[in-house]
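For reference, the structure is listed below as structure tokens.
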Amino acid sequence: MSSRRQYPFHLIEPKWQQAWEQQQAFRAFNPGEEIPASHAFAQRHNLSGKADAAKLPPKFYILDMFPYPSGAGLHVGHPEGYTATDILARYRRACGFNVLHPMGWDSFGLPAEQYAVKTGQHPRVTTEANIANFTRQIKSLGFSYDWSREVATTDPEYFRWTQWIFLKLYNSYFDTGKNCARPISELIANRKPQIANESAESLRTFVDSKRLAYVSEAPVNWCPELGTVLANEEVIDGKSEVGGFPVIRRPMRQWMLRITAYAEKLLVDLDTIDWSDSLKEMQRNWIGRSEGAEVDFQVVGHAAKIRVFTTRPDTLFGATYMVLSPEHKLVEDICTWDYPAGTPKEWIVDEKMGPAIAADFFKLWLDLYQGKKAAVAARTAVEAYRGFAATKSDLERTELAKEKTGVFTGAYAINPVNGEKIPIWIADYVLASYGTGAIMAVPAHDERDFEFAKKFNLEIKPVVASPLPRVRDFGSPPDSMISVVADGKATPAFVWFDCFVGEGFSVNSVNTEVSLNGLPTAEAKNKITAWLEAKGLGKKTINYKLRDWLFSRQRYWGEPFPIVWKRDAGGNLFHEALPESALPLLPPALDDYKPTADGQPPLARAKDWLTLPDSSTRETNTMPQWAGSCWYYLRYLDAKNAQSFVGKEAENYWMGTAGRESRGESRGPDSAPASTLDPRLSTPGVDLYVGGTEHAVLHLLYARFWHKVLFDLGHVSTPEPFFKLVNQGLILGEDGQKMSKSRGNVVNPDDILAEFGADAFRLYEMFMGPLQDTKPWNTKGVEGVYRFLGRVWRLFVDEKSETAFEQAETTTEAQRHGELLDLIVMDGAIQEITATPAQLKTLHACIKKVTEDLDGMRFNTAISAMMVFVNEAMTWQSKPLPVMKTFLQLLAPFAPHLAEELWARLHGTFGQTASSLAYAPWPKFDPALLVENEIEIPVQVNGKLRDVLRVPADVDNVTLEAAAKSSEKVKPFLDGKTIRKVVVVPKKLVNIVAS
RNA sequence: GCCGGUGUGGCGAAAUGGCAGACGCACAGGACUUAAAAUCCUGGGACUGUAACAAGUCGUGCGGGUUCGAGUCCCGCCACCGGCACCA
């Protein structure tokens, strides 16, 4: 930009960044830590030496989601949240809190590994270079992080503890009686007396089936392109979240974490934390709790029973067939050899699946389809269908979902409520992994079953009447109108001719022992469930959509599992944990980072590393990127602790309520805030966590899960990690599109900083609009706030001295420019004088607005309030020193460099010693100063504005009404009308209703 | 399809049920300047009206409602954004 620089931010900003670093201005002190007497924090709070938790001021933990340090560097989206948290950190510090505001690196990740595969460059080298670049960029923004607490998930001293937590998971189980995680040792101790002389192998199998970290052979999401498996959460529409590559289902041996054991706690504890409704709702949906019943159906001519889960046990009388998922373990057992006579051809073949059937079966199947053959063995058809379903990728499943497929197994089951024989099918619209992997189909009251039943001509039997007639197919009469007796009254109800999925009244639901007829759905559910339980046919059950967390990846650049594999005397492979003393377990050095030729993870290439002297072999999978981010907020509390993942005292102080009792505080998350300036507003856990919505279910659910396990095992003191969470909105490009390299609309913070400085950048990011909103970037807008900072500068600085400074700059070599700042002299209009009432009013209105807006995180309106102050102050002939100082305190959280510079100079000018602005007590506003003598009262006639009256502030209603009625501007609107009513809102408004 | 969110000037936005559009951008006019940039001042929702004022009408996605009064509350739609999606 060729235009003149508004103020010398290029000198001011590095100057203060250096000063803060030298003074360690933003070091947060732990209980028991030595606090230097010279530190501004010590001086503010009269502390020095070692202070315990009770002596320290209340804590406030403000956390940013730490970034993945990509090669592309920071984009303008990152600093949005970071700026918001920095402003609040500085504000809270001024309010008297001990603020913890750390930063670190989520540095494991795929890009560094892919680069390594291509170039042979060790991922650590790339990662460290990226971290250095991110650090430089973040530091140039003047954020008040305590860098002494910096962590990187790739640091062995960090992932030592990630592995340690994994061992905790491995060595724990979920005790359903106590409803919490307990050490495996307790499980073994409880089992010993129950089963005498149990073999080691049997005990091991039992224990392994209970661990929170366990091995599973289940089908997984395999992404050939990425060469790794993915968690369900990482698969979007059958494609990988990263890169968008196809994902197929494939059985593999994998590590799983038993997050499902915590489904209920993860769900109900959402009510105890302050997150947005939409975010809580996303987590609730993901956990997907549903109440219903499990019911057993006897298979005809077979010992087996099929257990189904249903949320609508009230529709049991309408169950006309059953469906097992293709993978269901009973399929082989119950499937008959031949189909019963008279089985329709359509029940066996399906043109939709034709081409996708395995080749072996295709011909057979085709013959039948084309009528060349009269019959086919049921086993053959079932086998063909299972093959068809298994090879389908998730993507194909979604694509083919438009029309349901399935085949009849030849077997029948007995509907336990009415003894009817109903056919058993297999179909892939029933998922193996949800509920029991089998359903009772009620086509009259479930759209999927209905669709399936129509296609295969299965019986549709209505058992619930709708309270309303059909609205679709207007003009055609409802199937039949009946009368049900509910609550002793006859009520009309409508039995639809096709599918009604809502709640209504049961009909056609009676056997010799129980009748649901006439009951509303909720009551019918209870009644039939009670009957089933009494008969031993079923029971009330709760199911969750949440699945266990697939925790292993076939990658190099991740935490290795502290696990080895051994064989017992019988030759059975089993796993065993390494001792804690073996941590950190480092990944081996490799010169090739690709998976092995036979599809083993890259770690399998390191032959020396792989096999131990006792011939056991190491686990070659690594942990997913989520592992390190599950607990980093805890490591910040005590980042250098070599004995423990976090020290007890530190954890208690920063996360818990330690010290609070001794200060006589009892505030829980539910009680109302006492006052905006009350330094007792800290809460258990992280007080404020800011980050993007993209982590709504993944990171935030996983981290809550780990935290709860650590809580159960006594390692942390709160059940939830993040008390308040705010999602910052996306920043779009100037074209209103998502920023992306391919669109060429990416804004690089470095460029903005060079042209306008960090303070302007910070200010603009906050001025754009509400933090949570999605909003487009506009560089012109940066110029606007930059001009505002220029006005602030000129409000304080003598113009002539600045001209002198600028001239000197052109004639002095660049290295000495910093010294030239001393040529700047404060404006002579700033004097130690008493402020006028008008000036005080302007100031205190600003204090009030900025304070309240900071508490509500309304940064944009806080900034506009400061603009109003400056616009007003520009007109002042004389500028009282205290007023000007106070304004700088308000500005400081937003534009800390400029505020510090002016603060220091102002003190210098008046021969005062400037204590650090960062710890100067936050100003309080005096409501008495805001009282107006005269107020403006709008006068409406019939709700329309007709006049505005200036009246004394203490005006009473009678006077006000009289003044309104006699207004010259109002009178014409009352001419020829009768006044019906006059609404007087005291000191606010008058509305005359006339007609 | 289900869940959540958002719709206000040319643009970003602001408004405890009480003067819609604070603050800023862009724009226009003026001052300063030889000139420009920068800075400072002024203006502005739309329409009707007037020589110019005055004045009036309409205006917060659309349609209803509650209320003396609705951007704000209620009901029904529409559009866009985000999430979930055969979860029985």
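In what follows, chains carry the letters A, B, and so on, assigned in the order in which the sequence lines appear, proteins first and then strands, with residues in each chain numbered from 1.
- Under the rule for a ring-ring contact (aromatic ring centres under 6.0 Å, His included), A/W275 has no partner lying at least two apart in sequence or in another chain.
- Contact annotation: A/R794 side-chain N/O to B/C40 OP1/OP2 distance is under 4.0 Å.
- Taking atom CG of residue A/N942 and atom P of nucleotide B/C68, one finds them 12 Å apart after rounding to whole Å.
- If you take atom C1' in B/A37 and the same atom in B/G10, they sit 25 Å apart, rounded to whole Å.
- Between the side chains of A/R547 and A/S433, at least one donor N or O sits under 3.5 Å from an acceptor N or O.
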Annotated protein contacts, base or backbone, on nucleotides 6-25 of chain B with a non-hydrogen cut-off under 4.0 Å, one of B, S, - each: ------BSS-B-BB--BBSS
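- In this entry the distance linking CG of A/D827 with P of B/U39 reads 18 Å, nearest Å.
- Looking at A/E264 and A/Y544, their side chains do bring a donor and an acceptor atom within 3.5 Å of each other.
- Using a 4.0 Å heavy-atom criterion, one finds that A/S290 contacts the sugar-phosphate atoms exclusively.
- The shortest side-chain heavy-atom distance between A/I439 and A/T310 does not fall under the 4.5 Å cut-off.
- Distance check on atom P: B/C58 versus B/A70 gives 13 Å, rounded to whole Å.
- Pairs passing the salt bridge (charged side-chain N to carboxylate O under 4.0 Å, His left out) check and including a residue from residues 764-781 of chain A, sequence neighbours excluded, read A/E80-A/K775.
- Atom P of nucleotide B/G4 and atom CD of A/Q283 are separated by 16 Å, given to the nearest angstrom.
- For the ring-ring contact (aromatic ring centres under 6.0 Å, His included) test, no residue two or more places apart in sequence or in another chain qualifies with A/F973.
- Rounded to a whole angstrom, the distance from the P atom of B/G43 to that of B/G21 is 14 Å.
- If you check every strand for non-hydrogen atoms under 4.0 Å, A/R289 touches nothing.
- The nearest whole Å value for the distance from the CD atom in A/E694 to the P atom in B/G4 is 22 Å.
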Going by atom type alone, with no hydrogens or angles, which donor-acceptor pairs under 3.5 Å involve a side-chain atom of residues 869-876 of chain A and a protein atom two or more places apart or on another chain?
residue	atom	partner	partner atom	Å
A/N871	ND2	A/M867	O	3.4
A/T875	OG1	A/E872	O	2.6

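- Between A/N727 atom CG and B/C81 atom C1' there is a gap of 15 Å when expressed in whole angstrom units.
- No contact: A/F452 has no heavy atom under 4.0 Å from any strand.
- As judged by a 4.0 angstrom heavy-atom cut-off over every strand, A/R980 is placed among residues making no nucleic acid contact.
- Toward the 5' end of RNA chain B, the nearer of the two residues A/Q6 and A/G437, judged by each one's closest nucleotide, is A/Q6.
- Judged by distance alone, the side chains of A/D449 and A/Y429 do bring a donor and an acceptor atom under 3.5 Å apart.
- Residues A/Y385 and A/T405 bring a donor and an acceptor atom of their side chains to less than 3.5 Å of each other.
- A donor N or O paired with an acceptor N or O is found under 3.5 Å between the base of B/C86 and the side-chain atoms of A/K404.
- Separation of the P atoms belonging to B/U16 and B/C27 is 31 Å when rounded to the nearest angstrom.
- For the residue pair A/T260 / A/D548, a side-chain donor-acceptor distance below 3.5 Å is found, with atom types taken as modelled.
- Comparing the C1' positions of B/G59 and B/G45 gives a spacing of 8 Å, expressed to the nearest Å.
- For the pair A/T779/A/E755, no side-chain contact is recorded, criterion being any heavy-atom separation below 4.5 Å from C-beta on.
- At B/A88, none of the side-chain N or O atoms of A/Y429 fall inside 4.0 Å of OP1 or OP2 (strictly under the cut-off).
- Rounded to whole Å, the C1' atom of B/G12 lies 24 Å from the corresponding atom of B/C19.
- Paired regions of RNA chain B, where each region holds three or more successive Watson-Crick or G-U pairs whose two hydrogen-bonding distances fall under 3.5 Å, are B:1-7 with B:78-84, B:10-12 with B:23-25, B:27-31 with B:39-43, B:45-48 with B:55-58, B:61-65 with B:73-77.
- Taking atom CG on A/D277 and atom P on B/C3, their separation rounds to 15 Å, with Å as the unit.
- Distance noted for atom C1' between B/G65 and B/U72: 15 Å (whole Å).
- Its glycosidic angle being more than 90° from 0, B/G56 falls on the anti side.
- The distance between atom CG of A/L279 and atom C1' of B/G4, rounded to the nearest whole Å, is 11 Å.
- For A/I287 and B/A85, the CD1 to C1' distance is 17 Å, given to the nearest whole Å.
- If you take atom P in B/G9 and the same atom in B/U66, they sit 27 Å apart, rounded to whole Å.
- Both A/K944 and A/T310 lie near RNA chain B, and the one whose nearest nucleotide falls closer to the 5' end is A/K944.
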